[in-house]
Amino acid sequence: MTVRLRIAPSPTGDPHVGTAYIALFNLAFARRHGGRFVLRIEDTDRARSTPESERMISESLRWLGLLWDEGPDVGGPNGPYRQSERGALYRKYADELLEKGAAYRCFCSAERLDQVRKAQEAAKHQPRYDGKCRILPRAEAEARVAAGEPHVVRLRVPEDGFTSFADLIRGEVRIENRTVDDQVLLKSDGMPTYHLANVVDDRLMGITHVVRAEEWISSTPKHLLLYRAFGWETPQFGHMPLLRNSDRTKISKRKNPTSLKWYEAQGYLPEALVNFLALQGFSVPEGIEIFPFSRVVETFEFSRINTTGPVFDLQKLEWLNGEYIRKLGAEDLAQRLLPFARPGTSLETVRSILPLVQGRLKRLGEFQELTDFFFADRVEYEAGLLVPKKLEPARAVEGLRTFVQAYAAMAAPVATEIDREGRAIAERLGWKVGDLFMMLRVAVTGKTATPPLCETMVALGKDKVAARLDEAVRKLDGLARTAPSPAGQPQ
RNA sequence: GCCCCGAUCGUCUAGUCUGGUCUAGGACACAGGCUUUUCAAGUCUGCGACACGGGUUCAAAUCCCGUUCGGGGCGCCA
């Protein structure tokens with residue numbers, strides 16, 4: 001029998017990094033065993049589900065390369081893959097449960113339930129349905145339904161005994177039935193809740209392994225009870241650890257970026273993000289940290305999944321991303337960088353300055369601020385930055401003029417030539433080479449941290465460099481006039 | 001409050017199943033050195049953990065129990 005796994009996101013907002021995390025391992029297991037991977041949209045919450053959210057989820061999973069064999073957009077033999085399009089189905093199965101006595105109709109109002117819950121909470125008891133409608137005679141219930149009274153359908157959970165299952169990741173889990181609530185299966189709007197829809201669809205879609213987040217452990221008995229009530233064989237369950245904020249609470253957008261769109265916009269590479277996510281709770285036997293998704297597929301075992309919830313460490317992601325960027329081919333990088341360059345920038349331009357920044361980029365999104373001086377007409381900076389430490393502005397401008405002259409004399413300056421001249425001048429003036437180069441760096445780029453200066457000057461072109469050097473001379477002159485001494489103090 | 005899950009450096013982890021090779025290995029981060037025109041990158045070094053207590057055993061990070069701590073769940077959300 002071939003394995004079938006699924007990812008079942010709810011389209012209620014931005015595509016979540018946790019969705020990708022869970023999808024990744026479902027996909028890996030499916031591929032490892034030559035099985036199928038299904039995308040199912042759980043849009044039974046009419047108030048919160050949006051087509052826009054569904055679109056973004058598909059987009060983001062595709063962006064990451066976590067592709068599904070069956071789903072709402074690609075079709076498949078078990079559709080429809082959107083729960084909102086399967087409504088009649090769930091009602092049929094709810095009827096079956098009612099028929100079998102495994103579920104019952106509940107007419108309690110939201111207000112009453114609210115009151116009950118508040119009272120329980122005040123008494124420090126576990127909030128749960130008090131069972132008022134559980135004992136309603138079938139005939140009375142049917143009469144009230146016929147009269148059009150709004151109601152829900154609830155699962156009739158046994159009052160004693162326990163439900164247990166062998167978790168693929170954690171081993172035996174056993175929960176007392178008395179702690180399980182009579183869960184609503186069908187809402188008063190006729191839509192199923194997650195619990196019903198999930199079980200019915202997993203069954204109908206032939207899902208063999210349910211790999212989902214840890215937060216579902218306590219609802220698993222409800223699902224097991226449903227399978228049992230229907231007389232269905234149960235799939236295997238595996239509960240992944242939860243991604244965490246740095247305070248170890250469940251990852252949330254208040255404390256950590258969670259939208260996959262954010263990671264894309266920041267310029268994280270999809271393959272790096274996937275690699276990073278795989279590192280959260282999983283490791284390959286070789287112990288290396290940089291590996292492609294194919295390596296996850298080849299080595300995936302549930303026993304290699306850690307049970308502790310990993311703290312999502314952006315710093316490490318950043319490092320990994322930088323590693324991936326450095327390994328990218330120049331043409332590939334140029335293509336990926338283009339959308340991050342300022343509008344109107346040509347691919348040729350990106351290509352030409354790429355070698356200067358490739359090793360300095362941790363995110364594609366850093367490209368602009370790293371290279372803004374290439375595109376600006378003029379650069380802005382404090383004149384004081386031009387003055388080497390322990391040097392007076394008047395002396396500084398002297399050195400700068402010397403270089404300007406030498407530079408002007410170069411017909412078509414190349415990096416080695418600029419470097420040679422710079423060093424020679426520094427020596428003649430008795431300056432540290434670094435002091436002169438830093439002054440030039442500020443003059444040419446407006447920054448104190450840049451790609452290698454000589455190469456940068458070549459890439460910038462002689463005209464631009466000359467103009468910026470002249471501007472720097474003017475700034476230094478001004479400084480020398482207003483602050484003859486003590487020197488080198490930026491105002 | 002009740003139920004469940006978990007516990008190795010600050011963080012991600014290897015080792016745990018199948019006890020000895022672990023004076024616990026790697027990576028990120030951090031600190032320092034080297035390299036160097038700056039910043040990165042690279043390289044070397046340093047810092048740094050088996051939560052605690054019992055038990056089993058010749059031997060425990062590893063098995064068992066308890067405690068503590070952390071997390072999750074307890075919706076007509078998923």
Side-chain angles (χ1 to χ4, degrees), chain A residues 8-12 42-45 47-49 106 108-110 113-114 117 120-129 150-154 167 169-171 173-176 178-181 183-189 191-195 197-198 212-221 239 241-242 244 246-250 276 279-283 285-290 303 306-313 315-320 322-323 326 357-362 370 419 422-423 426 432-442 445 447-454:
Chain A
S10 174
T12 54
E42 308 231 329
D43 55 351
T44 53
D45 185 338
R48 295 198 296 162
S49 299
C106 170
C108 295
S109 66
L113 294 175
D114 208 40
R117 183 168 304 117
Q120 287 164 335
E121 274 165 12
K124 302 245 182 223
H125 287 150
Q126 177 191 356
R128 55 174 299 173
Y129 182 59
H151 66 283
V152 301
V153 173
R154 283 182 187 274
D167 192 281
I169 295 166
R170 291 153 207 272
V173 176
R174 173 190 169 114
I175 295 172
E176 305 279 331
R178 62 181 171 74
T179 68
V180 181
D181 201 1
Q183 187 59 233
V184 170
L185 301 175
L186 212 57
K187 309 179 214 178
S188 54
D189 67 358
M191 285 294 246
T193 59
Y194 169 86
H195 306 280
N198 186 263
R212 56 184 6 173
E214 188 182 357
E215 53 192 336
W216 293 108
I217 291 180
S218 44
S219 345
T220 303
H239 292 93
L242 244 25
R244 312 288 185 98
S246 53
D247 63 3
R248 295 211 169 271
T249 52
K250 171 165 89 163
F276 174 75
L279 242 25
Q280 303 290 285
F282 177 78
S283 59
E286 314 86 271
I288 54 175
E289 313 228 72
I290 302 181
S303 63
N306 240 50
T307 42
T308 320
V311 170
F312 196 96
D313 183 2
Q315 249 181 347
K316 186 147 185 178
L317 204 211
E318 191 122 323
W319 162 77
L320 238 197
E323 292 285 320
R326 266 174 261 139
V357 296
Q358 179 156 16
R360 294 170 171 75
L361 235 35
K362 286 211 159 63
L370 228 53
D419 183 71
R423 285 172 193 281
K432 281 197 239 165
V433 174
D435 282 349
L436 177 69
F437 277 59
M438 184 52 86
M439 181 172 72
L440 298 175
R441 166 173 295 108
V442 172
T445 67
K447 296 173 195 276
T448 54
T450 71
L453 180 64
C454 305

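Below, chain A is the first sequence line, B the second, and so on; all start at residue 1.
Nucleotides B:G46 and B:G25, compared at atom P, are 11 Å apart to the nearest Å. Separating the P atom of B:G33 from that of B:A40 is a span of 14 Å, rounded to the nearest Å. For B:C22 and B:G73, the C1' atoms lie 38 Å apart once the distance is rounded to whole Å. The separation of B:C63 from B:A14, taken at their P atoms, amounts to 14 Å, rounded to a whole angstrom. On the C1' atoms, B:G15 is 13 Å away from B:A49, given to the nearest whole Å.
In this structure, the side chains of A:R212 and A:T220 come closer than 4.5 Å at one or more pairs of heavy atoms. Side-chain contact between A:L279 and A:L320 is present, with at least one heavy-atom pair separated by less than 4.5 Å. Side chains of A:Y194 and A:S219 form no contact here, defined as non-hydrogen atoms less than 4.5 Å apart. The closest side-chain heavy-atom distance from A:P241 to A:T307 is not below 4.5 Å.
Contact annotation for A:L279: backbone-only contact, meaning every heavy-atom pair under 4.0 Å involves sugar-phosphate atoms and none involves a base. Heavy atoms of A:R441 sit under 4.0 angstrom from at least one base atom. Residue A:E289 is classed as a base contact, given a heavy-atom separation below 4.0 Å to a base. Nucleic acid contact for A:K432: none, since no nucleic acid atom lies under 4.0 Å from a heavy atom of the residue. Looking at heavy-atom distances under 4.0 Å, A:G322 makes no contact with the nucleic acid at all. Across all strands shown, A:P285 has no heavy atoms under 4.0 Å from either base or sugar-phosphate atoms. Within the 4.0 angstrom heavy-atom criterion, only backbone atoms of the sugar-phosphate kind lie near A:T44; the bases stay farther away. Within the 4.0 angstrom heavy-atom criterion, only backbone atoms of the sugar-phosphate kind lie near A:Q280; the bases stay farther away. No engagement by A:P241 is indicated, since no non-hydrogen atom pair under 4.0 Å with the nucleic acid exists. No engagement by A:N198 is indicated, since no non-hydrogen atom pair under 4.0 Å with the nucleic acid exists. At a threshold of 4.0 angstrom between heavy atoms, the contacts of A:R48 include nucleobase atoms, whether or not backbone atoms are also involved. Residue-level contact check: A:T450 touches the bases, meaning some heavy atom is under 4.0 Å from a base atom. Residue A:P127 is classed as a base contact, given a heavy-atom separation below 4.0 Å to a base. Within the 4.0 angstrom heavy-atom criterion, base atoms lie near A:S188.
Contact annotation: A:K250 side-chain N/O to B:A78 OP1/OP2 distance is not under 4.0 Å. Regarding contacts with the backbone of B:A14, a side-chain N or O of A:S283 is found under 4.0 angstrom from either OP1 or OP2. Taking side-chain N and O atoms only, A:R326 has a distance below 4.0 Å to OP1 or OP2 of B:G42.
Atoms CZ (A:F437) and P (B:C39) sit 15 Å apart, rounded to a whole Å. For the pair A:Q126 CD and B:G1 C1', the interatomic distance rounds to 9 Å; values are reported in whole Å. Atoms CD1 (A:I169) and C1' (B:G6) sit 13 Å apart, rounded to a whole Å. Rounded to a whole Å, the CD1 atom of A:I290 is 16 Å from the P atom of B:U13. The distance between atom CD of A:Q358 and atom P of B:G42, rounded to the nearest whole Å, is 13 Å. As a whole-Å value, the separation of A:D247 CG from B:C69 P is 17 Å.
At least one donor-acceptor pair under 3.5 Å links the side chain of A:Q120 to the backbone N or O of A:R128. A donor-acceptor pair under 3.5 Å is formed between the side chain of A:D167 and the backbone N or O of A:H239. Here the side chain of A:Q126 pairs a donor or acceptor atom with the backbone of A:T179 at under 3.5 angstrom. Side-chain atoms of A:K187 come within 3.5 Å of backbone atoms of A:T44 as a donor-acceptor pair (strictly under, hydrogens ignored).
For A:W319, taking side-chain heavy atoms from C-beta onward, the closest of the listed nucleotides B:C76, B:G73, B:A29 is B:A29. Distance from the side chain of A:T193 is smallest to B:C76 among B:U37, B:C12, B:C76. The side chain of A:R117 has B:C76 as its nearest neighbour among B:G70, B:U37, B:C76. Listed nucleotides B:C76, B:A29, B:G70 differ in distance to A:V152; the shortest reach to its side chain belongs to B:C76. You'll find that the side chain of A:T249 is closest to B:G71, out of B:A78, B:U37, B:G71. Listed candidates were B:U37, B:A78, B:C39. Nearest to the side chain of A:A449 is B:C39. Each of B:G6, B:U13, B:G1 was ranked by its minimum atom distance to the side chain of A:N306; first place goes to B:U13. Closest to the side chain of A:P452, from the set B:U13, B:U37, B:U11, is B:U37. Comparing B:C4, B:U37, B:C74 by their nearest atom to the side chain of A:R423 picks out B:U37.
B:C58 is paired with B:G20 under the Watson-Crick or G-U wobble criterion, all donor-acceptor distances under 3.5 Å. When both pairing distances are held under 3.5 Å, B:C77 makes no Watson-Crick or G-U pair with any nucleotide shown. B:U37 is unpaired under the Watson-Crick or G-U wobble criterion, no partner having all donor-acceptor distances under 3.5 Å. Partner assigned to B:U68 is B:A7, using Watson-Crick or G-U wobble distances below 3.5 angstrom. Shown here, B:G46 forms a base pair with B:C30; the pair counts as Watson-Crick or G-U wobble because both key distances fall under 3.5 Å.
For A:V173 and A:L242, each mapped to the nucleotide of RNA chain B holding its nearest heavy atom, the one lying further toward the 5' end belongs to A:V173. Taking for each of A:V433 and A:C108 the nucleotide of RNA chain B with the nearest heavy atom, the 5'-most of the two is the partner of A:V433.
In terms of polar N and O atoms assigned as donor or acceptor, the side chain of A:R360 comes within less than 3.5 Å of the base of B:C39 in a complementary pairing. Looking at A:K316, its side chain comes within 3.5 Å of the base of B:A27 through a donor and an acceptor atom. Not a single donor-acceptor pair, N or O on each side, falls under 3.5 Å between the base of B:C74 and the side chain of A:R128.
Counting all heavy atoms, side chain and backbone alike, A:F437 lies closest to A:L453 at O-CD2, 3.4 Å.
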